[in-house]
Amino acid sequence: MDCIFCKIIAGEIPCYKVYEDENTLAFLDVAPCADGHTMVIPKKHAAAFVEMSPEESGELFKAVNIVSNQIMEKMENVTGLTIGMNTYESAGQTVMHTHVHIFPRNENDGGGTTHSIVNNAKSSDSEYLKKISEQLTK
Ligand code: AMP
Ligand code: ZN
C-alpha cells in the first residue's frame, strides 16, 4: 500500500520516534507547527478515525494520553496542549492514515484554540440544539 505512515511503521521511511507500543507509534511531525508537535498513529492502517473500531480508538487515545504526559513533563516552556485530528479532506486531512496531532502550547505562543477552526453554526437557540441532539440519538 502506498501509505507514507505505513512506510514509517515498516521502517522504510525514518522518523523521530517519541513513543511506541504494540498498537501505536508516535513521532515528531516533519513540518512542526510548534516545538514537539507530535503525531500519534495506529499501527493498523485505517484511512480515517471513523474507520477504526471503538476498541482500536481506545488504544490510540491511551497512547495519546501517555505521549501528552511525556511532553508536559519533559519539554520546557510547555504549559498546555492542543490535541486534534483532521478527519477526511473536508476537515483538512492530507495523509490518509489516521493520526492525532499533539501541539505543545504555552501562554505566549500566539496560537488559537479549537474554537477558531470553524464558526458557521446556524443557531445556538435551545430548540435548534434540541433538534440536532434528537437527530443524533434517534
Ligand atoms: P493532516 O494535515 O492532519 O493530514 O496532517 C498530516 C501531517 O503529517 C502534517 O502535519 C505533515 O507535516 C505530517 N507528515 C507528513 N509526512 C510526514 C513524515 N514523513 N514524517 C512526519 N510527519 C509527516
Ligand atoms: Zn497507512
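As a basis for the values below, the full set of heavy atoms in this structure was taken, side chains included, without hydrogen atoms, waters or symmetry mates. Read the numbers this way: they start at 1 and go in the same order the structure lists the ligands and their atoms.
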[X] side, atom [atom1]; [Y] side, atom [atom2] - distance, nearest 0.5 Å:
X     : Y     : atom1 : atom2 : result
Glu56 : Leu60 : CD    : CG    : 9.5 Å
Ile71 : Asp35 : CD1   : CG    : 11.0 Å
Ile13 : Cys3  : CD1   : SG    : 9.0 Å

Where ligand 1 meets [X] - atom numbers and elements under 4.0 angstrom, heavy-atom basis:
X     : answer
Ala31 : 12 (O)
Val95 : 4 (O), 6 (C), 8 (O)
Leu28 : 21 (C)
Gly92 : 2 (O)
Met39 : 7 (C), 8 (O)
Gln93 : 4 (O)
Asn86 : 1 (P), 2 (O), 3 (O)

Donor-acceptor pair, side chain of Thr98 and main chain of Ala46, under 3.5 angstrom:
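The answer is yes, because a donor-acceptor pair under 3.5 Å joins these two groups.
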Considering only heavy atoms, does Met85 approach ligand 1 within less than 4.0 Å through its side chain, its backbone, both, or neither?
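The answer is neither; Met85 stays 4.0 Å or more away.
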Ile8, portion touching ligand 1 at heavy-atom distance under 4.0 Å
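It is the side chain that touches ligand 1; the backbone stays farther off.
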Least distance between heavy atoms, Leu129 atom then Ser124 atom:
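Scanning both residues, the minimum pair turns out to be CD1-O, 3.7 Å.
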Hey, do the aromatic rings of His97 and His99 have their centres closer than 6.0 Å?
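When the ring centroids of His97 and His99 are compared, they turn out to be at least 6.0 Å apart.
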Return the residue, atom name and 0.1 Å-rounded distance of the protein heavy atom closest to [atom].
atom                    : answer
atom 8 (O) of ligand 1  : Phe5 CZ, 3.6 Å
atom 12 (O) of ligand 1 : Asp29 OD1, 2.5 Å
atom 2 (O) of ligand 1  : Thr94 OG1, 3.0 Å
atom 1 (P) of ligand 1  : His99 NE2, 3.1 Å
atom 17 (C) of ligand 1 : Val30 CG2, 3.4 Å

Strictly by modelled atom types, are Thr24 and Glu59 linked by a side-chain donor-acceptor pair under 3.5 Å?
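The criterion, which ignores hydrogens and geometry beyond distance, is not satisfied for Glu59 and Thr24.
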Check the orientation of His37 and Phe103. Use parallel for under 30°, tilted for 30 to 60°, and perpendicular for over 60°.
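Taking Phe103 first and then His37, their aromatic rings sit tilted (interplane angle of 30° to 60°).
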Close side-chain approach of His101 and Asn86, heavy atoms under 4.5 Å:
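Side-chain contact under 4.5 Å: yes.
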Would you say Thr113 and Thr82 make side-chain contact, with heavy atoms under 4.5 Å?
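The answer is no; the side chains never approach within 4.5 Å.
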Any chain of hydrophobic side-chain contacts (each under 4.5 Å) joining Tyr16 to Val78?
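Yes; Val78 is reachable from Tyr16 via cluster members.
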Linking I/L/V/M/F/W/Y whenever any side-chain heavy atoms sit under 4.5 Å apart, do Met96 and Val100 land together?
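Looking at the clustering, Val100 is in a separate group from Met96.
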Does [X] come within less than 4.0 angstrom of ligand 1, counting non-hydrogen atoms of the residue?
X     : answer
Cys15 : no
Tyr16 : no
Met96 : no

Restricting to under 2.8 Å, identify the protein N, O or S atoms around the Zn ion (ligand 2) as residue plus atom.
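Hits for the Zn ion (ligand 2) below 2.8 Å: Cys3 SG, Cys6 SG, His45 ND1, His97 ND1.
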Does a side-chain N-to-carboxylate-O contact under 4.0 Å join Glu134 and Lys130?
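Lys130 and Glu134: salt-bridged.
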Side chain to side chain contact (heavy atoms under 4.5 Å, CB included) between Leu25 and Phe5, worked out
CA-CA 10 Å; Leu25 181 68; Phe5 286 177; over 6 Å; no
